[in-house]
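Naming: A, B, ... by sequence-line order, numbering from 1 per chain.
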Amino acid sequence: MLQVNVLRTNPEWVKERLAVKNFKQIELVDEIVALDNERKKTQLEFDNTQAKINTSSKEIGKLMGQGKKEEADGMRLEVGNWKLEVSTYGEKLVEIEKQLHDKLIVLPNLPAEQVPLGKTPEENVSVKEAGTKPSLYAGAKPHWDLIEQYNLVDFELGSKITGRGFPVYKGKGARFQRAMIQYFLDYNTSAGYTEFIPPFMVNEASAYGTGQLPDKEGQMYHVTADGFYLIPTAEVPVTNIYRDTILKEDDLPIKMTAYSPCFRREAGSFGKDVRGLNRVHQFEKVEIIQIVQPERSYEVLDEMVAHVEKLLQNLELPYRILRLCGGDMGFASALTYDFEVWSAAQERWLEVSSVSNFETFQTNRMKCRIKNSEGKMQVAHSLNGSSLALPRIYAALLENNQTAEGIQLPKVLHSYFGGEMIN
RNA sequence: GGUGAGAUGGAUGAGUGGCUGAAAUCAGUAGUUUGCUAAACUGCCGUACGGGUUAAACUGUACCAAGGGUUCGAAUCCCUUUCUCACCGCCA
């Protein structure tokens, strides 16, 4: 959620930025500023009347103590009238605040200056492409066939147990997955990230805090009996660790990493894009999250991008890094880099990580603030990224590294997997 | 799931209707003093939204788990919800 302050002090700039994100209801900005002015006015009226009541109530107490009952009763009448007044202002205030909130919640985060203009994924800007795309031997297969050949993942079994999009990993296929999770976590913790194992379901307040609610409700699985949501990413529970928190400068930066399964309903997806591990309802992911001082957040974003890049290099995968254009960015993000790896048999890029700076968008909602040495309060910045989402890495590694003898694994995984090859 | 006890500021913890936005202690912080490590003393030390100011100072309101109610006046009384702890039951 944007801070009202920003709209108040610089409405024209806000409108211009919103346009970059292809946001249509620009008029909301003026409406919000007007409502905010009204809010302040009403607040003042409310406070002044309430102050009169408070003063008189104390007075009544004194009079009662002195046994001056008649005087006290007179004041009671007066206070009674003010109370009516105050409750009117109170109701008005509640109404205004509700409207203000409802309008504010609709606004996406403002894109940073570097965000390219554009509406569709085609207009994302590739900032780097590295690694060599392998040339596969004749008869090379897409990962869904390799998975079957080596008996690694069983989709039909998952359908039987749960439904489409819930793969069952088995044998070496399960071990391979676990090896990657273990390696990714080790890689992250050795870079100073503290490891967490969070709850895999969250309450409404948490889903709201990171921006999944109210607008992305349909993407999450909802446990109605208890009012919980299955997490679509570890970002949700882990970032919410710092909900309603006041941090000291010394505490920063907060660097956290967590493995979790991720549950996404992905309503409406179909076709070849969803074949195999390309898109599933339950997948595994290792996430990195940072909470930092505002002045440092873009430096930290670069650091996180470099961190993920190195991980892909270690996995010896060809990748490219995209800076997302305004129209393709997430609602809560100010600047996002997507990482894609080349899937040699499918001959397409697969998104495996998305690293974003949310600036104050999440932290403002979550009330996560920093108190500096002078006692000044400021809203922290939050960032996160995947390092990495597993299924597509899984797919790319299988496809790119297939040989007639089996799947040749990258060196960094050998000790984790307990072997050099899947065969 | 059952029964009981709780929820107060960074922590411990007092407070059962007005003088309590909240004692006290600890932690933190600024300073004074004693020639070190350290100790003693003094001041400051919650958040939000306003007013005010160049900025401060100053000042109004709200907040003692959350929401509602009673009252001229609520941390304190009543109702609802949530959470925590203990014991029992069930269970990985």
Side-chain angles (χ1 to χ4, degrees), chain A residues 1-9 32-105 197-209 213 223-229 237 240-252 254 261 291 360 363-380:
Chain A
M1 184 158 65
L2 296 175
Q3 295 169 268
V4 193
N5 243 343
V6 176
L7 309 215
R8 203 157 57 196
T9 50
I32 287 166
V33 172
L35 269 174
D36 189 51
N37 286 331
E38 206 181 333
R39 194 201 97 244
K40 280 157 76 171
K41 205 179 111 216
T42 310
Q43 178 82 54
L44 191 62
E45 285 163 337
F46 178 92
D47 286 354
N48 288 342
T49 313
Q50 185 64 49
K52 287 195 282 188
I53 293 173
N54 289 346
T55 316
S56 294
S57 292
K58 278 184 189 153
E59 195 61 31
I60 289 170
K62 272 186 208 148
L63 291 171
M64 295 295 281
Q66 296 163 2
K68 298 176 181 168
K69 194 164 177 313
E70 305 79 47
E71 276 185 59
D73 284 343
M75 290 191 79
R76 265 184 208 166
L77 282 175
E78 198 178 24
V79 170
N81 289 330
W82 289 335
K83 279 183 74 175
L84 290 177
E85 233 178 275
V86 136
S87 73
T88 312
Y89 289 136
E91 282 163 24
K92 191 173 166 195
L93 208 49
V94 167
E95 178 55 29
I96 291 172
E97 273 166 3
K98 185 183 173 299
Q99 284 182 33
L100 199 53
H101 180 264
D102 288 351
K103 287 182 194 291
L104 215 42
I105 207 88
I197 302 178
F200 299 150
M201 287 193 253
V202 293
N203 58 28
E204 225 173 85
S206 296
Y208 176 84
L213 292 180
V223 182
T224 47
D226 301 282
F228 298 148
Y229 293 89
N240 270 282
I241 289 171
Y242 287 93
R243 172 151 50 86
D244 292 318
T245 305
I246 298 174
L247 295 159
K248 292 192 288 268
E249 281 177 315
D250 297 350
D251 301 332
L252 300 167
I254 307 277
I291 295 175
T360 62
T363 41
N364 186 39
R365 280 191 191 209
M366 291 198 302
K367 297 194 172 63
C368 172
R369 290 156 296 172
I370 303 166
K371 194 178 203 171
N372 70 16
S373 44
E374 283 98 51
K376 289 267 187 202
M377 207 69 86
Q378 62 183 156
V379 180

Notebook entry, point to check: Does a nitrogen or oxygen in the side chain of A:R369 sit under 4.0 Å from OP1 or OP2 of B:A48?
Noted result: yes
Checklist line | Atom-pair distance (NZ on A:K367; C1' on B:G46), nearest Å | finding: 16 Å
Item checked: Short side-chain N/O contact from A:N54 to OP1 or OP2 of B:A62, under 4.0 Å -> yes
Item checked: Among B:C49, B:U61, B:A48, the nucleotide that comes nearest once only the side chain of A:R39 is considered -> B:C49
Checklist line | Separation of B:G50 P from A:L35 CG (nearest whole Å) | finding: 14 Å
Check: Step by step, would you call A:L247 with A:T245 a side chain to side chain contact (heavy atoms under 4.5 Å, CB included)?
Finding: CA-CA 6 Å; A:L247 295 159; A:T245 305; 4.1 Å; yes
Margin query: Looking only at the side chain of A:I246 (C-beta and beyond, no hydrogens), which of the listed nucleotides B:U47, B:C72, B:U61 gets closest?
Written below: B:U47
Next item on the list: Mind calculating the distance between CG (A:D251) and C1' (B:G28) to the nearest angstrom?
Entry: 13 Å
Checklist line | Value in whole Å for how far the C1' atom of B:A48 lies from CG of A:L100 | finding: 15 Å
Notebook entry, point to check: Closest to the A:K376 side chain: B:A56, B:C72, B:C49?
Noted result: B:A56
Margin query: In whole Å, measure the gap between the P atoms of B:C87 and B:A23 for me.
Written below: 35 Å
Check: Any sub-3.5 Å donor-acceptor pair from A:D244's side-chain atoms to A:K367's backbone N or O?
Finding: no
Checklist line | Interatomic distance at P, B:U61 relative to B:C78, whole Å | finding: 28 Å
Checklist line | Expected output: side-chain A:S87 to main-chain A:L84 donor-acceptor under 3.5 Å | finding: yes
Next item on the list: Return the value, rounded to whole Å, for the distance between atom CG of A:D250 and atom P of B:G10.
Entry: 17 Å
Check: Expressed as a whole number of Å, how far does the P atom of B:U81 sit from that of B:A75?
Finding: 23 Å
Next item on the list: Verify the distance criterion only: is there a donor paired with an acceptor across the side chains of A:T360 and A:Q3 at less than 3.5 Å?
Entry: yes
Notebook entry, point to check: Is there a donor in the side chain of A:S206 and an acceptor in the side chain of A:R243, or the other way round, less than 3.5 Å apart?
Noted result: yes
Check: What integer distance in Å separates A:R76:CZ from B:G18:C1'?
Finding: 12 Å
Item checked: Nucleotide nearest A:K58 when distance is taken to its side chain, options B:C19, B:U61, B:G50 -> B:C19
Check: Quantified in whole Å, what is the P atom distance between nucleotide B:C64 and nucleotide B:A57?
Finding: 25 Å
Notebook entry, point to check: What integer number of Å spans the C1' atoms of B:A11 and B:G73?
Noted result: 32 Å
Check: Where do A:L93 and A:R39 come nearest, in terms of heavy atoms and distance?
Finding: CD1-O, 3.7 Å
Note to self: To check you understand the geometry: which heavy-atom pair defines the closest contact between A:I246 and A:K371, and what is its length?
What the structure shows: CG2-CB, 3.9 Å
Checklist line | Residue whose nearest RNA chain B nucleotide is more 5′ - A:V79 or A:N48 | finding: A:N48
Note to self: Categorize A:I60 for me: base, sugar-phosphate, or nothing, with a 4.0 angstrom heavy-atom threshold over every strand shown.
What the structure shows: base
Checklist line | A:R8 CZ - B:C49 P separation (whole Å) | finding: 9 Å
Next item on the list: Would you please confirm or rule out a distance under 4.0 Å between OP1 or OP2 of B:G10 and any side-chain N or O of A:K371?
Entry: no
Next item on the list: Establish, with yes or no, whether the OP1 or OP2 oxygen of B:A62 is under 4.0 angstrom from a side-chain nitrogen or oxygen of A:Q50.
Entry: yes
Note to self: Taking B:C83 as the reference, what is the distance to B:A66 when you measure between their P atoms (whole Å, please)?
What the structure shows: 15 Å
Check: Is it the case that more than 12 heavy atoms not belonging to A:K52 sit under 6.0 Å from its NZ atom?
Finding: yes
Next item on the list: Could you say whether A:K83 or A:G61 is positioned toward the 5' end of RNA chain B, judged by the nucleotide with the nearest heavy atom to each?
Entry: A:G61
Check: Closest to the A:S57 side chain: B:C72, B:A48, B:G60?
Finding: B:C72
Next item on the list: Ignoring backbone atoms, test whether A:K52 places a side-chain nitrogen or oxygen under 4.0 Å from the OP1 or OP2 oxygen of B:U61.
Entry: no
Next item on the list: Side chain of A:F46 only, please: which of B:U61, B:C72, B:G50 is the nearest?
Entry: B:U61
Next item on the list: Would you mind telling me which of A:V79, A:T49, A:N48 makes a side chain to side chain contact (heavy atoms under 4.5 Å, CB included) with A:V86?
Entry: A:T49
Notebook entry, point to check: Reckon A:K248 touches a base, only the sugar-phosphate, or nothing at all at heavy-atom distances under 4.0 Å?
Noted result: nothing
Check: In whole angstroms, how far is the C1' atom of B:C49 from the CD atom of A:E97?
Finding: 8 Å
Next item on the list: Using Watson-Crick or G-U wobble pairs with both distances under 3.5 Å, give me RNA chain B in dot-bracket, 5' to 3', with [ ] for crossers and | for pairs to another strand.
Entry: ((((((((.[[[..)..(.....]]].(((((.(...).))))).((((((......)))))).[[[[[..)....]]]]])))))))....
Notebook entry, point to check: Of all the nucleotides listed (B:U61, B:U47, B:G50), which has the minimum atom distance to the side chain of A:K40?
Noted result: B:G50
